Each structure stands twice: as structure tokens, then as C-alpha cells.
Peer 1: 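I am attaching a structure below and will ask some questions about it afterwards.
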2 protein chains.
Amino acid sequence: MVNTLRTIPLFTVERLSIYLRTFRESLVEGMDFISSTEIGKRNDFTAAQVRKDLSCFGNFGIKGKGYNISELINTLETILGLDREWKVAIFGLGKLGGALASYKGLKNARFNVVAIFDVDPKKVDKTYKNIPVYHSDMLKKVVREKKIQIAIVAVPTDSAKATIQRILDAGIEGILNFTEARVPYPDEYIMKNINLAGELESISYYLIHSDR
Amino acid sequence: MVNTLRTIPLFTVERLSIYLRTFRESLVEGMDFISSTEIGKRNDFTAAQVRKDLSCFGNFGIKGKGYNISELINTLETILGLDREWKVAIFGLGKLGGALASYKGLKNARFNVVAIFDVDPKKVDKTYKNIPVYHSDMLKKVVREKKIQIAIVAVPTDSAKATIQRILDAGIEGILNFTEARVPYPDEYIMKNINLAGELESISYYLIHSDR
DNA sequence: TCCTGTGAAGTTCTTCACAGCC
DNA sequence: GGCTGTGAAGAACTTCACAGGA
């Protein structure tokens with residue numbers, strides 16, 4: 001019984017890329033099939049969790065044998081939308097923005113960085129790693145012309161809120177936010193926040209509050 | 001009634017840094033008290049959620065008035081362990097490692113990067129932003145001497161697994177992992193994974209599978 | 001009147017446990 | 001014998017709704 005896509009647990013979605021990575025890894029190792037137990041072992045999930053997650057999208061497993069690795073790679077790529085190219089813009093060409101723009105993993109995964117935005121006159125109207133750098137004032141025009149679908153935000157804290165607001169206004173519906181700013185956004189948009197300080201703070205919390 | 005620290009929901013811990021940031025922000029705005037409703041509004045949480053989270057640690061609110069901002073900043077800093085200095089090492093001085101080493105937010109938040117590890121002879125035995133760069137072979141010795149407690153891993157994919165294993169072996173109990181590798185670790189350790197490709201993949205998923 | 005703190009209810013996610021198939 | 005798929009049970013988290021204090 002295939003779950004309708006509407007009711008996939010959020011947590012299942014977050015794990016799909018991990019499964020995909022595991023399948024790719026085991027393909028490289030020369031395996032043909034992999035069991036839910038083995039997938040779980042490699043990622044610290046229970047086998048039941050793995051089976052339940054994958055069963056949301058169809059009955060891919062073969063009883064007594066496991067999951068066909070190359071079949072599942074194709075399936076997961078389609079489910080995740082990696083069968084198409086996504087056009088990405090990076091906002092902020094500081095150290096982090098530059099690192100993200102240079103990151104090979106993006107292009108390999110079909111996330112194609114087609115524009116960088118910054119406000120520094122020394123940076124704009126040039127290219128960085130062959131990617132054109134525009135002044136942020138050009139945002140709406142460039143987004144429309146290049147059909148940009150995903151924004152990665154790596155601007156300084158003090159301009160973060162305004163930048164994100166302008167990205168929302170420009171109609172970019174997918175945002176990966178590396179800043180501390182939190183901005184309300186419409187339901188049909190999706191924003192994911194990565195906060196370095198926050199992650200370290202919760203590590204700090206756990207280091208203090210566990211028995212050791 | 002104060003919850004014992006043992007039973008704080010994991011999700012509550014993840015939100016504590018967000019509350020702390022909100023309190024700091026409202027202090028800068030000149031506020032003295034802030035209500036759970038306002039905290040929620042700024043972060044897209046329900047007011048009940050905010051109250052329940054904060055009530056895990058004590059009764060900080062004043063009925064009819066809200067939370068005393070400067071008191072809560074101190075309290076949250078103590079709860080999160082930000083009343084002490086943490087010694088951090090960065091593994092991998094590539095673009096991302098360099099960006100993280102330069103990031104001012106770390107030092108301000110009492111996460112002090114005291115060592116960088118890499119294997120490139122052109123980089124080791126020098127300093128980067130005044131931080132000494134060691135060859136990874138020196139890991140155990142440096143960790144012991146400098147009492148490093150937290151590792152940030154930003155090495156290339158192919159050496160990630162081995163690097164993380166060596167960090168675990170060296171006894172660093174807090175790890176922030178920017179690589180795709182997933183390595184099992186003992187219960188008393190804490191590892192948080194940040195996976196750029198994974199985040200973009202789930203954004204991709206949601207862009208496809210929402211009604212628009 | 002405003003806002004907190006919190007049991008109780010509701011929702012979402014995870015694990016169990018086993019029938020069924022290879 | 002090994003492994004999947006899945007209802008049912010259990011655990012974890014969130015929201016409701018209201019008593020009670022400032």
C-alpha cells in the first residue's frame with residue numbers, strides 16, 4: 001500500500017537523502033541488494049524505521065533478500081526531485097558564501113549555482129569560479145531572467161533579515177538560510193535554517209548535562 | 001515545578017538557542033520584558049510551546065507581564081553551558097574549514113578555536129588567523145595538551161570517516177560534522193551532522209510535492 | 001485584564017511483533 | 001532461515017484550555 005505523498009512524515013523526508021547516500025555507497029562497494037538491518041546499522045536507525053520509511057513510497061523490498069540498490073537509487077532520486085536541474089543563487093560572497101559556491105557536491109547533485117549576489121562594489125559585475133556576481137539590487141531582474149528556484153543565504157547578520165525578505169518578495173520558494181535571522185514566510189515556501197552557533201550550543205548543553 | 005534535566009525533551013534543547021537569540025535581540029531593542037506570544041511570533045512557534053519549553057527549567061515568567069529579558073539571558077547562558085569557555089578544533093583547512101575558523105560568531109559565543117588540523121604540508125606548522133595548524137598525525141597529542149572538547153569536521157568526503165573515527169578515539173566527546181560520513185559513536189558522545197546536500201535535497205522534495 | 005504554568009487531550013513519530021513471501 | 005511490510009502499541013512532542021497570580 002503506497003502512502004499518498006501528502007502524508008509522508010516530515011522526519012521520513014529528512015532521512016531520504018541519508019538512504020540515498022547509503023545506497024550509493026553500497027553500490028560502490030559492489031553490492032546488489034541491501035537489507036533494512038544493514039542500512040540501519042550504517043546510519044544508526046532501527047531496521048523497522050528504515051522499512052517503514054521506504055514503504056511510504058512503494059513496495060521496493062524483496063522478502064528474504066532486501067532492497068535492489070540501483071533500483072532504489074533511481075527511485076529516491078526521482079522522489080527527491082534530483083531528476084531535474086535546480087537553479088540556485090548564493091547571497092553573500094564572504095568566506096562562507098565563497099566556500100559554498102566552490103562546493104563540488106552541489107553541482108554533482110544537480111544544484112547548479114547560476115548567480116551570486118553581494119553589495120561590495122569590489123565583487124559585483126565580476127565572476128567567482130565562473131559564476132556571475134551581481135549587485136543585490138538586481139535581485140528581482142536576475143531571478144526572473146535566470147528562473148532561480150533556490151536561495152542560499154550567507155550574508156552578514158545585520159543585513160540578513162532584509163535580504164531574506166527580499167528573496168521572499170522575489171518569489172524564490174526554497175531557501176537555505178545560514179544566518180541567525182528568522183523571518184516568517186508563506187506556507188507554500190520552504191525555508192531550512194542552519195545555525196552554526198545554535199548547533200554548538202546544543203552540543204555544549206549535552207556535554208554538560210549527560211552523565212559522564 | 002522544575003523538570004529534572006534528565007527529562008528535557010530533545011526538541012526543547014534545540015530551541016533554547018533560538019530563545020536566547022530572541023532575548024538578546026529584544027534587549028538590544030530596549031525591551032525589559034517579553035511575552036511568550038511575542039517570542040513565538042518572532043520565531044514561528046506557538047506561545048504554549050514557548051511557555052512549556054521555558055518552564056522545564058524553572059518558573060521564570062511573571063503573570064500578566066512576561067519574561068524578564070536580562071534574567072533569562074543569564075539563565076539560558078548557564079543552561080547551555082555558555083558560562084565557560086569551550087576549546088574547539090577544526091579538522092580540514094579547506095574553503096569551509098577556513099570560513100569556519102574565521103567566523104567571529106564562534107569566539108563571541110565562547111567557542112574558542114585553539115587548533116586546526118590538516119594533512120597538506122603547505123598548510124601545517126603555520127598559523128591561520130592566529131590559530132596554529134597541525135598535521136593530523138598530531139591529533140592525540142594536541143588534543144591532550146590543549147584539552148580540546150569539541151571537534152568541527154570539514155575534511156573532504158573520502159577522508160571523513162577515518163577522521164571522525166580518530167576524533168572519537170582521541171576522546172573528543174562533542175562533534176559537529178559537516179561531512180556526509182555517518183559513524184556510530186558511544187552514548188556518552190554527542191555528534192551533530194550538518195549536510196548541505198541533504199538540506200537542499202529536502203528543499204527540492206518539498207518544492208515538488210507541495211500544492212502550488 | 002494580561003499573561004504564565006500546566007494537566008489533559010491531541011497529534012506525530014518510532015518500535016514491536018508477526019504474518020507472509022523468497 | 002532471512003527479510004519485508006504493516007497493524008497495533010508505545011513513546012515523544014505539541015496544543016488546548018483554564019486556573020490563578022500580577
Side-chain angles (χ1 to χ4, degrees), chain A residues 1-16 18-19 22-23 26 31-69 71-72 75-76 79 187 202 205-206 209, chain B residues 1-16 18-19 22-23 26 31-69 71-72 75-76 79 187 202 205-206 209:
Chain A
M1 168 74 118
V2 180
N3 203 326
T4 70
L5 289 175
R6 241 164 271 285
T7 63
I8 307 293
L10 295 174
F11 288 77
T12 297
V13 175
E14 304 294 315
R15 283 186 292 266
L16 290 182
I18 298 176
Y19 296 137
T22 307
F23 284 121
S26 49
M31 299 167 68
D32 291 325
F33 285 81
I34 186 170
S35 69
S36 58
T37 310
E38 177 61 23
I39 297 172
K41 205 173 286 169
R42 294 187 183 207
N43 297 289
D44 205 23
F45 303 146
T46 65
Q49 175 92 86
V50 174
R51 292 200 298 277
K52 196 131 227 171
D53 282 343
L54 294 177
S55 75
C56 289
F57 301 97
N59 294 3
F60 303 120
I62 295 174
K63 303 188 182 197
K65 219 171 168 195
Y67 297 89
N68 179 316
I69 290 169
E71 182 196 339
L72 260 289
T75 305
L76 283 178
I79 292 171
D187 274 354
S202 57
Y205 174 91
Y206 289 117
H209 294 103
Chain B
M1 172 74 121
V2 180
N3 204 328
T4 72
L5 290 175
R6 242 163 272 284
T7 61
I8 306 293
L10 295 174
F11 287 76
T12 296
V13 175
E14 303 294 314
R15 283 186 293 266
L16 291 182
I18 299 177
Y19 296 138
T22 307
F23 284 120
S26 50
M31 298 167 69
D32 292 325
F33 284 82
I34 187 171
S35 68
S36 58
T37 310
E38 177 63 22
I39 297 171
K41 206 173 284 169
R42 294 186 184 206
N43 296 290
D44 205 23
F45 302 146
T46 65
Q49 175 91 86
V50 175
R51 292 199 298 276
K52 196 135 227 167
D53 282 343
L54 294 177
S55 76
C56 289
F57 301 96
N59 294 2
F60 304 121
I62 295 175
K63 302 189 183 195
K65 216 168 170 196
Y67 297 89
N68 179 315
I69 290 168
E71 181 195 340
L72 260 289
T75 305
L76 283 178
I79 292 170
D187 275 354
S202 58
Y205 174 90
Y206 289 117
H209 295 101

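In the text below, chain A, chain B and the rest are named by the order of the sequence lines, each starting its count at 1. Note that the coordinates shown come from a computational prediction; the quantities given were computed from them, not determined experimentally.
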Peer 1: Give B:Thr12 one of three labels, base, sugar-phosphate or nothing, depending on what nucleic acid heavy atoms sit under 4.0 Å from its own.
Peer 2: nothing
Peer 1: Among A:Tyr19, A:Phe33, A:Phe60, which residue meets the side-chain contact (heavy atoms from CB on, under 4.5 Å) test with A:Leu72?
Peer 2: A:Phe60
Peer 1: Would you mind telling me which of C:dC22, C:dC3, D:dC16 lies closest to the side-chain atoms of B:Ala48?
Peer 2: D:dC16
Peer 1: Round to the nearest Å and state the distance from B:Lys63 atom NZ to D:dG20 atom P.
Peer 2: 9 Å
Peer 1: Whole-Å distance between C:dC3 P and B:Tyr67 OH?
Peer 2: 12 Å
Peer 1: What is the distance, to the nearest angstrom, from the OH atom on A:Tyr19 to the P atom on D:dT4?
Peer 2: 12 Å
Peer 1: To the nearest Å, how far apart are B:Gln49 CD and C:dT12 P?
Peer 2: 14 Å
Peer 1: Looking only at side-chain atoms of A:Thr46, point me to the closest of C:dT14, D:dT6, C:dT15.
Peer 2: C:dT15
Peer 1: For A:Ile69 and D:dC3, give me the distance from atom CD1 to atom C1', rounded to whole Å.
Peer 2: 15 Å
Peer 1: In whole Å, I'd like the distance from the CZ atom of A:Phe11 to the P atom of D:dT14.
Peer 2: 8 Å
Peer 1: Just how far is it from atom CD1 of B:Ile39 to atom CD1 of B:Ile34, taken to the nearest 0.5 Å?
Peer 2: 5.0 Å
Peer 1: Have A:Arg51 and A:Ser36 got a donor and an acceptor in their side chains that come within less than 3.5 Å?
Peer 2: yes
Peer 1: Would the base of C:dT15 count as contacting A:Lys52 through its side chain, where contact means a donor and an acceptor less than 3.5 Å apart?
Peer 2: yes
Peer 1: Under the criterion side chain to side chain contact (heavy atoms under 4.5 Å, CB included), I'd like the reasoning laid out for A:Asn68 against A:Asp32: C-alpha separation, chi angles, the key distance, then a yes or no.
Peer 2: CA-CA 6 Å; A:Asn68 179 316; A:Asp32 291 325; over 6 Å; no
Peer 1: Measure from CD1 on A:Ile39 to P on D:dG5 and round the result to the nearest Å.
Peer 2: 10 Å
Peer 1: Scan B:Gly64 against the nucleic acid and name what it touches under 4.0 Å (heavy atoms): base, sugar-phosphate only, or nothing.
Peer 2: base
Peer 1: Quick one: on DNA chain C, does B:Thr37 or A:Arg51 contact a more 5' nucleotide (nearest heavy atom)?
Peer 2: B:Thr37
Peer 1: Write down the distance between CD1 (A:Ile34) and C1' (D:dG2), rounded to a whole number of angstrom.
Peer 2: 15 Å
Peer 1: Which part of the nucleic acid does B:Leu54 contact within heavy-atom distance under 4.0 Å: base, sugar-phosphate only, or nothing?
Peer 2: nothing
Peer 1: Between A:Tyr205 and B:Ile8, does the side chain to side chain contact (heavy atoms under 4.5 Å, CB included) criterion hold? Intermediate values first, please.
Peer 2: CA-CA 11 Å; A:Tyr205 174 91; B:Ile8 306 293; 3.4 Å; yes
